[in-house]
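Okay, structure first, notes after.
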Protein chains: 2
Amino acid sequence: MPDMTPLTFRILLALADANRHGYGIIKEIEQRDGPEAAPSTGAMYLALQRMEADGLIEEAPSPSTADDARRRYYALTPAGRSEAEAESARLAALVAVARAKKLLVARKA
Amino acid sequence: MPDMTPLTFRILLALADANRHGYGIIKEIEQRDGPEAAPSTGAMYLALQRMEADGLIEEAPSPSTADDARRRYYALTPAGRSEAEAESARLAALVAVARAKKLLVARKA
DNA sequence: GATAGATATATAAGTCGCTTATATAGTGGT
DNA sequence: ACCACTATATAAGCGACTTATATATCTATC
């Protein structure tokens with residue numbers, strides 16, 4: 001199995017510190033990386049379905065009783081966290097190569 | 001335009017410090033990341049064609065007169081280098097988030 | 001100088017994930 | 001009431017990758 005898609009990793013990353021719902025993940029990416037980087041709703045909900053089927057995430061209870069009933073929250077499974085860690089390490093290694101080849105000027109990560 | 005594909009970035013990365021030919025890039029990735037991470041020949045040559053059409057790379061002369069005549073060498077264009085730098089920065093930012101969310105234990109990059 | 005295995009490039013068929021578009025409906029502010 | 005925003009979902013189409021196949025050269029060994 002080669003590496004996961006960039007969107008899959010971004011979703012795992014978003015869920016790493018808190019359970020979130022699809023639309024909330026989109027908004028989080030939008031705030032952090034700008035509106036251009038935000039995935040479409042179509043991509044997001046298809047990705048969530050696929051990731052749940054793959055056992056990377058699972059549905060979680062709403063964090064508040066007064067929450068919007070439409071929201072479907074997701075949490076990382078142990079497998080999902082493990083995959084996220086593995087991909088993080090792979091990306092970190094890639095960034096290290098980029099730095100060695102002078103593609104990154106300042107040490108930012 | 002969203003982000004480039006992982007394969008595209010790996011190719012740009014491979015060409016960042018030297019001109020290389022398709023098969024050589026595959027072997028370089030295989031040595032650095034293991035046999036599982038190596039792209040298929042089908043993916044490689046299609047990617048090279050696409051990237052040349054997109055102006056990210058261009059064909060370069062053989063580095064040696066005694067070289068294998070079948071090899072087609074490629075070099076980064078200025079646009080290709082610029083894109084590689086931009087994607088490197090994006091990935092570095094992503095790795096920084098992964099580190100902040102405790103997905104990376106040791107500082108490796 | 002024949003054979004074998006690695007090297008090297010290329011393309012077709014099929015799969016899969018993302019884009020674009022559309023649909024539906026609840027929520028919150030004025 | 002109205003309207004924009006929030007929220008999820010699915011279908012059609014496209015593009016990138018996988019798998020498989022084809023072809024040919026190079027290098028080592030016998």
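Below, chains carry the letters A, B, ... as their sequence lines are ordered, and counting in each starts from 1. Only a predicted model underlies this, so the values are computations on that prediction, with no experimental measurement involved.
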For the helix from C/dG1-D/dC30 to C/dT30-D/dA1, how many degrees between its two end axes (five pairs per end), to the nearest 10°?
30°

B/L48 has an atom CG; how far is it from atom P of D/dA16, in whole Å?
13 Å

Quick check: is B/L56 connected to B/Y73 through a chain of hydrophobic side chains (ILVMFWY, heavy atoms under 4.5 Å apart)?
no

Kindly point out which of C/dG17, C/dA25, D/dA24 is positioned nearest to the side chain of A/T5?
C/dG17

Think A/R50 has a side-chain N or O under 4.0 angstrom from the OP1 or OP2 of C/dC18?
yes

Between atom CD in A/Q31 and atom P in D/dC5, what is the gap in whole Å?
15 Å

Determine whether A/L94 and A/R90 satisfy the following criterion, side-chain contact (heavy atoms from CB on, under 4.5 Å), listing intermediate values before the conclusion.
CA-CA 6 Å; A/L94 218 53; A/R90 255 175 266 144; over 6 Å; no

Counting only side-chain N and O atoms of B/R71, is one of them less than 4.0 Å from OP1 or OP2 of D/dT25?
no

Going through the distances and angles, do A/Y45 and A/T41 end up as a side-chain contact (heavy atoms from CB on, under 4.5 Å)?
CA-CA 6 Å; A/Y45 297 113; A/T41 64; 3.8 Å; yes

With the 4.5 Å side-chain cut-off for hydrophobic clustering, are A/L7 and B/M4 part of the same group?
yes

Main-chain N/O of B/P78 paired to B/S82 side chain as donor or acceptor, under 3.5 Å
no

Evaluate B/L48 against B/Y74 for side-chain contact (heavy atoms from CB on, under 4.5 Å), listing each step before the verdict.
CA-CA 9 Å; B/L48 289 173; B/Y74 293 94; 3.8 Å; yes

Expected list for residues 8-28 of chain B near DNA chain D, using heavy atoms below 4.0 Å, is none

Run A/L103 and A/V97 through side-chain contact (heavy atoms from CB on, under 4.5 Å) and show every step you take.
CA-CA 9 Å; A/L103 290 172; A/V97 174; over 6 Å; no

Can B/E28 and B/R32 be said to form a salt bridge (charged side-chain N to carboxylate O under 4.0 Å, His left out), step by step?
CA-CA 6 Å; B/E28 201 218 0; B/R32 198 175 56 211; 3.7 Å; yes

In whole angstrom, what separates B/R72's CZ from D/dC26's P?
16 Å

Show your reasoning for whether side chain to side chain donor-acceptor pair (under 3.5 Å) applies to B/R50 and B/T8.
CA-CA 9 Å; B/R50 174 170 36 86; B/T8 298; 3.3 Å; yes

D/dT10 phosphate, OP1 or OP2, under 4.0 Å from A/Q49 side-chain N/O:
yes

In whole angstroms, how far is the C1' atom of D/dC17 from the CE atom of B/M4?
17 Å

Under 4.0 Å from any atom of DNA chain C, heavy atoms only: list the residues of residues 38-46 of chain B that qualify, in numerical order.
B/T41, B/G42, B/Y45

I'd like to know if the side chain of A/R10 and the backbone of A/I29 have a donor-acceptor N/O pair within less than 3.5 Å.
no

Should A/L12 and A/L46 be regarded as members of a common hydrophobic cluster, given that ILVMFWY residues are connected when their side-chain heavy atoms come within less than 4.5 Å of each other, either directly or indirectly?
no

Look at the side chain of B/R70 and the base of D/dT25, then say whether one donor and one acceptor between them are separated by less than 3.5 Å.
yes

